[in-house]
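In what follows, a structure is listed as structure tokens, so that the remarks can point back to it.
Everything quoted here is computed from the prediction, not taken from an experiment. All ligand and atom numbering here is 1-based and tracks the order in the structure.
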Amino acid sequence: MNPPGLDNLLTCLRFPSVSTDSLRRDDTRACAEWLLGKVREMGLTGELRETPGHPVLLAKNKHIAGRRTVLLYGHYDVQPAEPLNEWKSPAFEPTIRDGRIYCRGATDNKGQLMAHMQGLAETLEKHADLPVNLIILFEGEEEIGSPNLKPFLEKYRDELKCDMVAISDTGMVAPGVGTFTYGLRGIACAQAWVRGPTIDLHSGIFGGAVANPVTAVARLTATLHHADGKVAVEGFYDGVRDIADWERQAWAALGDGDAEMLELTGSPALFGEPGYTERERRWARPTVEVNGIGGGYQGEGSKTVIGREAFVKLSCRLVPDQNPDVILKKVEAHLRAHVPPGVRLEFVPGHTGMPYIMDPHSPLGTAAQRALRQVFGENVALIREGGSIPIVQAFKDVLGVDTLLLGLALPDCQAHAPNENFPIENFVAGVRLNQALLAELA
Ligand code: BES
Ligand code: ZN
């Protein structure tokens, strides 16, 4: 027997709401409309608010003066499912194997979002009310950097006034271990183009006489890091906050993470900034990552050509108190200073999001931990995460409130990758967590 609400999750998963894909625009909206139907079914008032991109679902219960107001955020958009041939079952047909639901979005973020929905539905059915004033804000552009949400918060600031934000879109350190995330890395994306000749050239006739953009982009990319893994961009580490002693201890107490990292990634060895453990590197140190590099001939066999241009796609993960706009300027300056001879550089800044940190020992943080204890038992892990949820710091800046990140994703959930999955037991735990959290926050 499926637990209550699971069928709703499966239906939600069948919408291929890939926000980055313009061909999936209607599917993405259809998912928002379906969610709107569900919130109305529970007795909440809701609507879709338009943005220049995908719509925002906004819903609320009847607000009563004197009660706490909780804004529940989630995202109904998902990452592209490609490469499709690496999925063991179809990417947008949820399939249950060994107690886990396999589907794009299963963990990130539909499984976690629908657990909240089911928690609300059950509370409303039983008590015809919630213990708090609730604002639901589900967006469809998180996976593309939430480009329209900060203006949305500014526009509807008064309507969105709340005491705190709650989100389930982060991880658990291990199955069954309640995990409170009190920090997220920020992000700053960019693409650099390296262009040489104005046309593709025969590499025999012209090779040796002009710079090859592919070679140039490879050299340029390699200048971003020192051989030991430290970022070589001047001033990159300016303002980076030290890791607190209690954090080092708390993270070390989670056990040796190296073996798990090797297992999860399949890499032959770990590698990263010297002087830090793997968790410290992922949760509290900034990086520059190369997400893609290309140029020249990519087809079968060989082709003797000098392509006229090449590119590299970069994303920097940032920690307090780095600023994404400042970082992009520094990265651009670095690239300009290191362009090899014979080519031109075009630097195209991309989307950004601020890093976030709150005090997990604050009254709000301890309330969240109590809720986790009710569902998962005494032992609660306090962590930061390496991933980004760009809007979280904007909640602080625009609405003036902190965000409680109580995630349900497992380390091997394969978010953003083929065979993304979410255990049914995490869905069930998430339903209880929603109820425990709202009760604690009330
Ligand atoms: N759910 C993730 C964020 C996340 C993942 C937090 C793992 C903590 C642990 C979210 O959907 C996501 O993938 N965010 C993107 C944001 C980017 C596209 C601006 C990310 O981190 O890459
Ligand atoms: Zn994601």
Inset, instruction - Check the pair Tyr356 / Phe395 against ring pair (Phe, Tyr, Trp, His ring centres under 6.0 Å), numbers first and verdict last. - result: CA-CA 10 Å; Tyr356 178 73; Phe395 285 134; 9.3 Å; no
Legend entry - Residue Glu142, metal the Zn ion (ligand 2), N/O/S under 2.8 Å: no
Inset, instruction - Could you tell me the residue and atom name of the protein heavy atom closest to atom 18 (C) of ligand 1, and the distance to it rounded to 0.1 Å? - result: Glu143 O, 3.5 Å
Legend entry - Residue, atom name and distance, where the atom is the protein heavy atom closest to atom 19 (C) of ligand 1: His351 CE1, 3.3 Å
Legend entry - Glu378 bridged to Arg373 by N-O distance under 4.0 Å: yes
Inset, instruction - Give the numbers and elements of all ligand 1 atoms closer than 4.0 Å to a heavy atom of Gly145. - result: 19 (C)
Inset, instruction - Please find out if the Zn ion (ligand 2) and some N, O or S atom of His416 are separated by less than 2.8 Å. - result: yes
Inset, instruction - May I have the angle between Glu143 OE1 and Asp108 OD2 with its vertex at the Zn ion (ligand 2), rounded to 10°? - result: 150°
Legend entry - NZ/NE/NH1/NH2 to OD/OE distance under 4.0 Å, Arg49 and Glu47: yes
Legend entry - Region of Asp169 engaging ligand 1 - heavy atom pairs below 4.0 Å: both
Inset, instruction - Indicate yes or no: does an N/O atom of Asp108 lie under 3.5 Å from an N/O atom of ligand 1? - result: yes
Inset, instruction - Check each heavy atom of Pro390 against ligand 1 and say whether those closer than 4.0 Å belong to the side chain, the backbone, both or neither. - result: side chain
Legend entry - Residues Asp412 and Arg100 bridged, charged N to O under 4.0 Å: yes
Legend entry - Non-hydrogen atom of His75 closer than 4.0 Å to ligand 1: yes
Legend entry - Salt bridge Glu385-Arg185, side-chain N to carboxylate O under 4.0 Å: no
Inset, instruction - Can you pull out the closest protein heavy atom to atom 10 (C) of ligand 1? Residue, atom name and distance to 0.1 Å, please. - result: Glu142 OE2, 3.1 Å
Inset, instruction - Please state which part of Gln112 comes within less than 4.0 Å of ligand 1, counting heavy atoms only: side chain, backbone, both or neither. - result: neither
Inset, instruction - Determine whether more than 12 heavy atoms belonging to other residues, nucleotides or ligands lie under 6.0 Å from atom CG of Asn291. - result: yes
Inset, instruction - Please report which non-hydrogen protein atom sits nearest to atom 16 (C) of ligand 1, along with the residue it belongs to and the distance in Å to one decimal place. - result: Ser388 O, 3.5 Å
Legend entry - Residue Asp169, metal the Zn ion (ligand 2), N/O/S under 2.8 Å: no
Legend entry - Pair Glu154 + Arg157, salt bridge at N-O below 4.0 Å: no
Inset, instruction - Using a strict cut-off of less than 4.0 Å between a Lys/Arg side-chain nitrogen and an Asp/Glu carboxylate oxygen, indicate whether Glu278 and Arg285 qualify as a salt bridge. - result: no
Inset, instruction - State plainly whether the residues Arg29 and Glu50 are in salt-bridge range, i.e. N to O under 4.0 Å. - result: yes
Inset, instruction - Provide, to 0.1 Å, the distance between atom 22 (O) of ligand 1 and the closest protein heavy atom, together with that atom's residue and name. - result: Arg317 NH2, 2.8 Å
Inset, instruction - Would you please indicate if the ring centroids of Phe138 and Trp34 are separated by under 6.0 Å? - result: no
Inset, instruction - Answer with yes or no whether Gln79 contacts ligand 1, where contact means a heavy atom under 4.0 Å from a ligand atom. - result: no
